[in-house]
Amino acid sequence: MSRRLRLWLLAVGGAGMAALLVAAGLDLPSFGGPSHPYGDRAVRASLARHTANTIASVNFDQRAYDTLGEMSILFAAVLGCVVLLRQARDEHRAEPEPAEVARPVRRYALIVLPVALVTGIYVVAHGQLSPGGGFQGGVVAATALHLLYLGADYHALERVRPLGLFEASDALAVCAYLVLGLAGVLAGTAFLANTLLPYGTFNTLASGGIVPLLNAAVGVEVASAVVVLLAGFLDQAVEIKEGQGS
């Protein structure tokens, strides 16, 4: 296929997409008006299934299939980075030397680390009740571990970051999300349908049916993925050096 033909195909496809976006935009309710059809339906569905956080209800119930796609994109992106950043034949690992850390930085990092870690777990656990959830809490929990690198040294981080465990938990979390979806099919409903568990008491941790379970699976996957991703980049910056492989 010639370059000119590819450009024509791109132009035609782009024009079609632009026309669809304009048509959809013209049919939206007026900005600031009293009509919010999607929002009203989302809130009603959230309350009916005892999920206090409407955003979590949308992400893990009404549009749980879309969240599976986002989760899979992150998993694939981290997998691609791990493959690309692996040690090459002309590289070797050099023992990282500990760097001097200022006392205020060390104290602040080591004090904030457990607070940030607990905050991340809290955000994941309460995702169906309050703002936050698996994506946000997973990132907070994963980055909290790396305060140990700032406050101590690279070896200290490695001791609390067994990569094999995080790689396995990343894959298992994705599988858990899929298993919860397939369980709905086996139960005679639909993939990721929120019908497997009782909805529980509104505004409690055990409410929302399978929303807390899907939210937890995403939290574990995101936290593990971020740890594995940062490990790859830190290895390149700290340990892997150019030269003769060993």
Side-chain angles (χ1 to χ4, degrees), residues 53 55-56 59-61 63-87 93 96 109-110 112-128 130-183 192 205 208 210-240:
N53 182 6
I55 304 301
N59 290 337
F60 301 108
D61 185 355
R63 298 182 62 181
Y65 193 82
D66 293 354
T67 302
L68 174 61
E70 297 168 4
M71 188 183 190
S72 302
I73 289 172
L74 176 61
F75 181 79
V78 173
L79 180 61
C81 286
V82 169
V83 172
L84 292 174
L85 295 176
R86 69 189 187 280
Q87 185 176 348
R93 289 187 175 274
L110 297 181
V112 172
L113 190 155
V115 177
L117 186 59
V118 171
T119 301
I121 296 173
Y122 178 91
V123 170
V124 174
H126 291 76
Q128 71 275 13
S130 57
F135 286 100
Q136 299 88 336
V139 172
V140 173
T143 52
L145 290 178
H146 291 79
L147 289 172
L148 194 59
Y149 172 60
L150 299 178
D153 56 30
Y154 190 67
H155 287 302
L157 173 62
E158 285 186 315
R159 285 194 292 269
V160 300
R161 189 205 62 186
L163 279 183
L165 177 61
F166 281 99
E167 289 171 351
S169 62
D170 188 7
L172 288 174
V174 176
C175 292
Y177 199 103
L178 288 170
V179 167
L180 287 170
L182 293 173
L192 290 173
L205 283 176
I210 65 170
V211 170
L213 299 180
L214 295 177
N215 183 52
V218 168
V220 173
E221 196 275 334
V222 170
S224 302
V226 172
V227 168
V228 173
L229 182 64
L230 292 178
F233 284 106
L234 280 174
D235 284 350
Q236 290 286 328
V238 177
E239 286 193 284
I240 297 181

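Heavy-atom basis, side chains included; hydrogens, waters and symmetry copies ignored. Note that the numbering runs from 1 along the sequence shown for the chain.
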**Tyr122, OH atom: more than 12 neighbouring heavy atoms under 6.0 Å** = no

**Request:** Give, for atom OG1 of Thr143 and atom CG of Leu113, the distance between the pair rounded to the nearest 0.5 Å.
**Result:** 9.5 Å

**Request:** Check for a donor-acceptor pair, side chain of Asn215 on one end and backbone N or O of Gly133 on the other, with a separation under 3.5 Å.
**Result:** no

**Asked** Do the side chains of Leu74 and Glu221 get nearer than 4.5 Å, heavy atoms only?
**Response** yes

**Request:** Take the angle between the ring planes of Phe135 and Phe60 and call it parallel below 30°, perpendicular above 60°, tilted in between.
**Result:** parallel

**Message:** Restricting to non-hydrogen atoms, name the atom on Leu147 and the atom on Ala116 that form the minimum distance, rounded to 0.1 Å.
**Reply:** CD1-CB, 4.4 Å

**Asked** Side-chain contact, heavy-atom cut-off 4.5 Å: Val123 with Val140?
**Response** no

**Prompt:** Stepwise, does the side chain to side chain contact (heavy atoms under 4.5 Å, CB included) test hold for Val222 with Met71?
**Reply:** CA-CA 8 Å; Val222 170; Met71 188 183 190; over 6 Å; no

**Message:** If I compare all heavy atoms of Ala142 with all of Val227, which pair ends up nearest, and what's the gap?
**Reply:** CB-CG2, 3.8 Å

**Item:** Taking every non-hydrogen atom, the tightest pair across Ser169 and Ser224
**Value:** OG-OG, 2.6 Å

**Atom of Val228, atom of Leu163 and distance for their closest heavy-atom approach** = CA-CD2, 4.3 Å

**Over all atoms of both residues, closest heavy-atom pair of Thr67 and Val218** = CG2-CG2, 4.2 Å

**Message:** Do Leu148 and Leu110 make a side-chain contact, defined as non-hydrogen atoms from C-beta onward lying under 4.5 Å apart?
**Reply:** yes

**Prompt:** Taking Gln128 for the side chain and Asn53 for the main chain, is one N or O donor matched with an acceptor at less than 3.5 Å?
**Reply:** no

**Request:** Take Leu230 and His146 through the test side chain to side chain contact (heavy atoms under 4.5 Å, CB included) and record every step on the way to the result.
**Result:** CA-CA 9 Å; Leu230 292 178; His146 291 79; 3.6 Å; yes

**Prompt:** For Tyr154 and Asp235, what are the C-alpha separation, side-chain angles and deciding distance, and is it a side chain to side chain contact (heavy atoms under 4.5 Å, CB included)?
**Reply:** CA-CA 10 Å; Tyr154 190 67; Asp235 284 350; 2.2 Å; yes

**Message:** Does Asp170 form a side chain to side chain contact (heavy atoms under 4.5 Å, CB included) with Phe166? I'd like the steps, not just the answer.
**Reply:** CA-CA 6 Å; Asp170 188 7; Phe166 281 99; over 6 Å; no

**Message:** With heavy-atom distances below 4.5 Å as the criterion, would you say the side chains of Leu157 and Leu234 are in contact?
**Reply:** yes

